[in-house]
Peer 1: 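Quick one: the structure is below, questions incoming.
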Amino acid sequence: MKFLKGLSLDQFMRNVVILARGTVLSQVIILVTLPLLTRLYSPADFGIFSVYISIISIVLVIVSLSYEIAIPLPDNDRIASSLVKLSLLLCVIISIVGGIGFYLLHAQLSRWLDEQDMQNYVWLFALSLFGAGCHQILNLWSVRKEYFNQLSRTKFMQSISQVSSQFLLSFTSWGALGLIIGELLGRVTGVHSQWKLWRKDVQRDNLRSTWMEMKDSAHRYRRFPLLSSWSNILNSIGLYLPNIILAALYGPVIAGLFTMGQRFLGAPITLISLSINQVYMSEFAICLNQNPSKIYSLFKGTVKKALILGIIIIGGVVIFAPMLFHYLFGDAWERSGHFMRIISIMYLSQFIATSVGATLSVMERQDLHLYREVIRIIMILGSLYLARLTNQSADMAVAFLSIAATLGYSLHLSLSWYAVRKMRGLKRSEHDASSSSRSFS
């Protein structure tokens, strides 16, 4: 991150546009090819694929024990680079352990999904986890250095690689395995270019890290694995475990239909909000270090913009997309449009909360983040348990889930607002005390 005096609003929005440009183009490619892929793969294939990706996503948040979140924070690039090296080392170790864990669980997954070949996915799981982890770590180095154009191009190339691979692999009759391998190839496409950016910075600025520096960085930012890892894995469980539970309760077809509604609505919403969040995180860290009085206005302004943009995007999709589902994806996928309407309010709240999602991490308020995730996961899992206990239909189970998730994201926003307000109050008190001291003197 280039620690300037602060970005102007115009520069902030330009950076958002740069990141969102690659995001939008990548999602256009994915959405345009979905009608083709839904005719090449069945809802059950997408259901198995969604469970696999859900497990990857749950483990991904601890693949480097959340040390990667601290990469944008240090004033010194050498310290930040040591965090990158530490995170990559942890990623290798945890990917291997994750592959072993998947092997131990593959029999249970086979029973849930009625898929007898889950043992064939074990080696893919470790590779997918490693590729996704490296991308996640190196992505935050690029955010720190404000390589927004490169990030935008990477997102575009990843989508091209993913959809082209999934299309070609559909002719192999591998079913869900074709979707999984295609997704893996998409994830790793951008890793090489991001690795080169980091290594170039390391060599140019002599940022090579010693073991002692890595140890010091691990100790300095120990709150991230001690607190952020738990809150992040709970957040991930809240996001992705419902797909696994729906598959276990209602079968892979229902999970596949639900996943398609999520993918059509959630993918562009999530990635656009993450683009906003990456720029927001960069600016928020600058303000926190140099001008803390601006953090409240930055937080409030970003929330307002995200609310307006979210209503426009989600409103348009909810109104028009379900009417086109039958014609675009075929008869087998018509129910996905109904699911999409049910979860629309959940994605609006997620869009707003994710746009300022870095607030608690950058302020190192991992305690509030953890409290929020504990409450949120209880509500989400409780909603699905209630649906099962009362023998609800799949539609009602999704409705219960949507309400619980919306309340969880609202809690996230409330705690972030509380932390920012408290910081502003502390800075005002310090300013008043300093002014009084000068006046007395």
Side-chain angles (χ1 to χ4, degrees), residues 22-23 25-61 63 91 95 98-99 102 106 109 113 115 117-118 120-139 154-194 236 239-241 243-244 247 252 255-271 274 329 336:
T23 298
L25 287 175
S26 66
Q27 289 308 306
V28 166
I29 292 169
I30 291 174
L31 293 177
V32 166
T33 56
L34 272 182
L36 177 62
L37 291 177
T38 53
R39 286 169 169 81
L40 297 173
Y41 296 96
S42 69
D45 291 335
F46 272 96
I48 295 170
F49 175 61
S50 72
V51 171
Y52 177 89
I53 295 302
S54 295
I55 299 172
I56 287 284
S57 300
I58 290 172
V59 183
L60 180 60
V61 298
V63 77
C91 181
S95 295
F102 189 88
H106 80 271
L109 292 172
L113 301 174
E115 171 61 56
D117 297 326
M118 291 301 292
N120 296 331
Y121 300 177
V122 172
W123 63 275
L124 276 175
F125 184 86
L127 286 176
S128 295
L129 191 57
F130 175 72
C134 289
H135 171 70
Q136 178 175 269
I137 294 162
L138 296 170
N139 183 75
T154 296
K155 290 178 181 179
F156 176 73
M157 293 307 299
Q158 285 178 314
S159 64
I160 292 288
S161 176
Q162 176 182 324
V163 298
S164 60
S165 300
Q166 290 175 336
F167 171 74
L168 292 174
L169 290 170
S170 68
F171 298 104
T172 63
S173 301
W174 288 353
L177 193 60
L179 290 171
I180 290 170
I181 295 175
E183 198 273 342
L184 168 62
L185 294 175
R187 281 186 186 271
V188 302
T189 294
V191 171
H192 182 253
S193 61
Q194 289 181 314
S236 188
L239 285 173
Y240 300 107
L241 189 59
N243 290 353
I244 302 173
L257 294 171
F258 177 71
T259 298
M260 184 56 63
Q262 280 189 309
R263 191 171 187 179
F264 194 82
L265 179 59
I269 288 297
T270 300
L271 289 179
L274 286 176
F329 303 116
S336 292

Peer 1: Can you see which heavy atom on Ile244 is nearest to which on Ser54, and at what distance?
Peer 2: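 Heavy atoms only, the tightest pair is CG1-CB, 4.0 Å.
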
Peer 1: Is there a side-chain contact between Ser95 and Val63 (heavy atoms, below 4.5 Å)?
Peer 2: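 With C-beta onward as the side chain, the pair touches.
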
Peer 1: Given the rule in the side chain to side chain contact (heavy atoms under 4.5 Å, CB included) test, do Leu179 and Tyr41 qualify, once you have shown the distances and angles that lead to the verdict?
Peer 2: CA-CA 8 Å; Leu179 290 171; Tyr41 296 96; 3.7 Å; yes

Peer 1: Quick one: does Ser57's side chain get under 4.5 Å of Leu239's, heavy atoms only?
Peer 2: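 No, too far: nothing below the 4.5 Å cut-off.
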
Peer 1: If you define the side chain from C-beta out and look only at heavy atoms, does anything of Val188 sit under 4.5 Å from His135?
Peer 2: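 No - every pair of side-chain heavy atoms lies 4.5 Å or more apart.
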
Peer 1: Taking all atoms of both residues into account, what is the closest heavy-atom pair of Cys91 and Ile137, and its distance?
Peer 2: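 What the structure gives for the nearest pair is CB-CD1, 4.1 Å.
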
Peer 1: Within the side chain of Gln158, is there an N or O that forms a donor-acceptor pair under 3.5 Å with the backbone of Arg187?
Peer 2: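 Such a contact is found between Gln158 side chain and Arg187 backbone.
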
Peer 1: For Gln136, does its backbone N or O pair with a side-chain atom of Asn139 as donor and acceptor, under 3.5 Å?
Peer 2: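 Judged by distance alone, no pair lies under 3.5 Å.
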
Peer 1: Relative to the ring of Tyr52, is the ring of Tyr121 parallel (under 30°), tilted (30 to 60°) or perpendicular (over 60°)?
Peer 2: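 It falls in the perpendicular class, over 60°.
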
Peer 1: With rounding to the nearest 0.5 angstrom, report the CG to CG distance, Leu40 to Leu168.
Peer 2: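 Leu40 atom CG to Leu168 atom CG measures 10.5 Å (nearest 0.5 Å).
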
Peer 1: One pair to check against side-chain hydrogen bond (donor to acceptor under 3.5 Å, both in side chains): Ser26 and Ser159. What are the steps and the verdict?
Peer 2: CA-CA 5 Å; Ser26 66; Ser159 64; 4.7 Å; no

Peer 1: Side chains of Asn243 and Gln262, heavy atoms from C-beta outward: is any pair under 4.5 Å?
Peer 2: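 Yes. Closest side-chain heavy atoms under 4.5 Å.
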
Peer 1: Which atom names give the shortest non-hydrogen contact between Thr189 and Ser161, and what distance separates them?
Peer 2: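 Here Thr189 and Ser161 meet closest at OG1-OG, 2.9 Å.
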
Peer 1: Please report the interatomic distance CD(Gln166) to CG(Leu34), rounded to the nearest 0.5 Å.
Peer 2: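 Answer for the CD-CG pair, Gln166 versus Leu34, is 9.0 Å.
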
Peer 1: How many angstroms lie between OH in Tyr240 and CD1 in Ile55, if you round to the nearest 0.5 Å?
Peer 2: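 It is 13.0 Å, given to the nearest 0.5 Å.
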
Peer 1: Nearest 0.5 Å, what's the CG-OG1 distance between Leu257 and Thr38?
Peer 2: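 Interatomic distance, Leu257 CG to Thr38 OG1, rounded to 0.5 Å: 11.0 Å.
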
Peer 1: Which heavy atom of Gly182 sits nearest a heavy atom of Ser165, and at what distance?
Peer 2: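 So the minimum-distance heavy-atom pair works out to CA-CB, 3.7 Å.
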
Peer 1: Using modelled atom types only, decide if a donor and an acceptor are shared between the side chain of Ser128 and the backbone of Phe125 within a distance under 3.5 Å.
Peer 2: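 No; judged by distance alone, with no hydrogens or angles, the pair does not exist.
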
Peer 1: I'd like to check Phe329 versus Ser336 (side-chain heavy atoms, cut-off strictly below 4.5 Å). Are they in contact?
Peer 2: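 No; the side chains remain at least 4.5 Å from each other.
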
Peer 1: Please examine the side chains of Ile29 and Phe156, heavy atoms only from C-beta on, and report whether any two atoms are closer than 4.5 Å.
Peer 2: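 Phe156 vs Ile29: side chains touch.
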
Peer 1: Of all the heavy-atom pairs spanning Ser236 and Val61, show the shortest one and how long it is.
Peer 2: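 Scanning both residues completely, I find the closest heavy atoms to be CB-CG1, 3.7 Å.
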
Peer 1: As an exercise, state the distance from CD1 of Ile181 to CG of Leu124, rounded to the nearest 0.5 Å.
Peer 2: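 Atom-to-atom, Ile181:CD1 and Leu124:CG are 5.0 Å apart.
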
Peer 1: Using 0.5 Å steps for rounding, measure from the CD1 atom of Ile180 to the CD1 atom of Ile53.
Peer 2: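 It comes to 6.5 Å.
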
Peer 1: Taking the side chain as every heavy atom from C-beta outward, state whether Gln162 and Leu185 have any pair of such atoms under 4.5 Å apart.
Peer 2: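 Side chain of Gln162 against side chain of Leu185, heavy atoms only: no contact under 4.5 Å found.
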
Peer 1: Identify the two heavy atoms, one from Thr259 and one from Ser50, that lie closest to each other, and give their separation to 0.1 Å.
Peer 2: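 What the structure gives for the nearest pair is OG1-CB, 2.8 Å.
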
Peer 1: State, yes or no, whether a side-chain contact exists between Phe167 and Thr33 at a heavy-atom distance under 4.5 Å.
Peer 2: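 No, every pair of side-chain atoms sits at 4.5 Å or beyond.
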
